[in-house]
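If you're wondering where the values come from, they're calculated on a predicted model, not measured in any experiment.
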Amino acid sequence: MNIQDLLGRLHAGDPRAIGRAISLVEEQSREGAALLAGLDRERIAAALLIGMTGPPGAGKSTLTGGLVRHLRDQGQRVGIVAVDPSSPLSGGAVLGDRIRMMDHALDREVVVRSMATRGRLGGLCAAAGAAARIMAASGCTTVLLETVGVGQSEMDIVRLADLTVMVLAPGFGDEIQAMKAGILEVADLIVVNKADQPGSGKLALDLAAVFARAEDRDLRLHRTVASEDQGIDTLLARIDALVQQYRKDGTLHRKREQAFTLETLDWAQALLRPKLAALAAAGLRNADPRLAAEEIIIQLQQEPQS
Ligand SMILES: Nc1nc2c(ncn2[C@@H]2O[C@H](COP(=O)(O)OP(=O)(O)O)[C@@H](O)[C@H]2O)c(=O)[nH]1
Ligand SMILES: [Mg+2]
């Protein structure tokens with residue numbers, strides 16, 4: 001596979017080239033690295049990366065689908081990276097999302113990719129970030145990064161985003177209580193979805209309490225009925241307003257630097273892990289695993305660089 005050809009097709013928006021490119025990067029191959037180095041930096045810098053997170057069933061995929069529809073109406077090309085860190089296999093919830101995205105299946109201006117851990121250790125954050133960049137380079141002006149669940153790895157993945165939307169809904173009491181304290185660490189916007197359901201008013205009131213200032217609450221707390229396309233246009237307007245603010249006050253720049261660090265660390269771990277595993281299995285038998293680990297690191301430092 002000629003990387004220059006692939007880059008050319010990718011930058012022209014060819015869906016198959018985009019899929020191939022993401023696979024190359026997921027395989028952690030040298031070609032993948034060369035490809036990433038050749039991506040259009042200006043497009044990447046100009047694209048907006050929006051994280052969508054929240055408990056399964058809250059309506060993330062429905063809301064994502066709605067956002068895609070509105071963004072398409074604005075004439076934008078849109079990417080979706082759907083990540084399921086807890087799933088050992090590609091499938092399950094992610095597959096469901098794929099089917100829902102069939103709404104846009106015939107639209108060449110909507111690029112979708114699902115990712116699961118598939119037993120891989122680490123590197124998911126790196127792969128998701130790379131997929132988003134590949135989509136941006138292919139001309140997507142907005143990329144939506146949807147994660148399933150509310151565990152630590154999902155939180156790490158949405159930290160890659162310029163802005164994160166936490167999608168909640170009535171009926172998720174325990175999960176929401178558990179995450180309330182930390183909610184503002186990850187969420188730029190909180191959406192109470194299923195506003196047509198009983199309990200949504202109370203949930204919105206509960207969540208309003210996490211904001212110290214009324215103007216923050218007005219800007220950042222939002223209600224939608226994603227399945228009826230209610231509130232999605234205003235949500236997009238809020239996202240735009242917040243991004244404007246983040247550009248001005250330096251938040252966007254800071255978030256991108258943090259994301260860069262996070263992805264770099266994940267890449268380093270993903271690339272090192274096979275070497276470390278081989279050295280650990282190579283029969284190094286020290287008095288203690290802690291000491292054996294130090295010997296492994298010394299060995300690694302002595303290895304010629306590839
Ligand atoms: N009543 C109601 N149902 C909704 C709403 N949004 C989504 N749903 C339904 O809730 C279920 C879960 O939605 P989904 O988008 O798959 O949630 P996800 O797991 O967070 O991606 C689906 O059956 C949706 O049709 C809403 O605003 N109101
Ligand atoms: Mg979903």
Side-chain angles (χ1 to χ4, degrees), residues 44-68 70-71 76 78-86 93-94 97 101 111-117 124-136 140-169 175-176 179 182-193 207 219-222 224 226 232 235-236 238-247 251-263 266:
I44 292 171
L48 193 66
L49 183 57
I50 301 176
M52 306 288 291
T53 191
K60 294 179 297 297
S61 299
T62 312
L63 195 60
T64 298
L67 287 170
V68 170
H70 283 265
L71 292 165
Q76 293 200 45
V78 187
I80 303 162
V81 183
V83 184
D84 186 352
S86 57
V94 177
D97 291 345
M101 286 306 157
V111 186
V112 185
R113 178 73 171 214
S114 297
M115 287 186 176
T117 39
L124 190 59
C125 202
R133 252 192 294 286
I134 288 168
M135 290 180 183
C140 294
T141 42
T142 300
V143 178
L144 300 161
L145 183 59
E146 181 188 334
T147 69
V148 178
V150 288
Q152 192 52 52
S153 39
E154 293 85 340
M155 295 300 164
D156 272 354
I157 286 165
V158 289
R159 279 184 221 279
L160 300 182
D162 294 327
L163 182 147
T164 293
V165 179
M166 173 75 72
V167 185
L168 302 170
E175 279 152 276
I176 292 169
M179 57 201 284
I183 220 164
L184 289 178
E185 279 173 41
V186 285
D188 300 281
L189 282 160
I190 300 176
V191 168
V192 174
N193 187 41
L207 289 166
L219 184 66
R220 295 173 190 265
L221 182 63
H222 195 68
T224 58
I232 296 182
L235 174 62
L236 256 187
R238 298 274 180 95
I239 289 173
D240 283 342
L242 207 52
V243 170
Q244 294 270 2
Q245 182 184 316
Y246 282 2
R247 276 191 209 286
T251 303
L252 189 71
H253 181 73
R254 184 173 49 77
K255 278 177 172 253
R256 287 188 174 185
E257 288 200 326
Q258 281 173 0
F260 192 94
T261 304
L262 200 66
E263 277 185 73
D266 200 36

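Distance alone, capped at 3.5 Å, is enough to place a donor-acceptor pair between the Lys60 side chain and the Gly54 backbone. When atom types are taken as modelled, the side chain of Asn193 and the backbone of Ala58 share a donor-acceptor pair closer than 3.5 angstrom. Looking at Thr164, its side chain does come within 3.5 Å of a backbone N or O of Val158 through a donor-acceptor pair.
Looking at Leu163 and Ile239, their side chains come closer than 4.5 Å, going by heavy atoms from C-beta outward. Counting heavy atoms from C-beta outward, Leu235 and Leu63 have side chains that approach closer than 4.5 Å. When side chains are defined from C-beta on, Gln245 does not count as touching Asp188, because their heavy atoms never get closer than 4.5 Å.
When every heavy atom of Ile80 is checked against every heavy atom of Met135, the shortest pair comes out as O-CE, 3.4 Å. When all heavy atoms are compared, the tightest approach of Lys255 to Ala161 is CD-O, 4.3 Å. Across every non-hydrogen atom of Ile44 and Ala136, the tightest pair is CA-CB, 4.0 Å. Closest non-hydrogen pair, Ala47 versus Cys140, comes out as CB-O, 3.5 Å. Closest approach of Gln76 and Thr142 over heavy atoms only: OE1-OG1, 2.7 Å.
One finds the OG1 atom of Thr251 at 8.5 Å from the CG atom of Leu242 (value rounded to the nearest 0.5 Å). Between Glu257 atom CD and Leu252 atom CG the span is 10.5 Å, to the nearest 0.5 Å. Annotation: the span from Leu189 atom CG to Met52 atom CE amounts to 10.0 Å, rounded to 0.5 Å. With rounding to the nearest 0.5 angstrom, the OG1 atom of Thr261 is 12.5 Å from the CG atom of Asp266. Here the straight-line distance linking atom SG of Cys125 with atom CE of Met115 works out to 11.0 Å at 0.5 Å rounding.
Exactly one of Leu48, Val112, Val68, Val81 qualifies for a side chain to side chain contact (heavy atoms under 4.5 Å, CB included) with Leu144. That residue is Val68.
Counting non-hydrogen atoms of other residues, nucleotides and ligands closer than 6.0 Å to CD of Gln258 gives a total above 12.
Partners of His70 under the side-chain contact (heavy atoms from CB on, under 4.5 Å) rule, at least two apart in sequence or in another chain, are Asp229, Ile232, Asp233, Leu236. Arg220 is linked by a salt bridge (Lys or Arg N to Asp or Glu O under 4.0 Å) to Asp216, counting only residues two or more places apart in sequence or in another chain. Residues passing the salt bridge (Lys or Arg N to Asp or Glu O under 4.0 Å) test with Arg256 are Asp162, sequence neighbours excluded.
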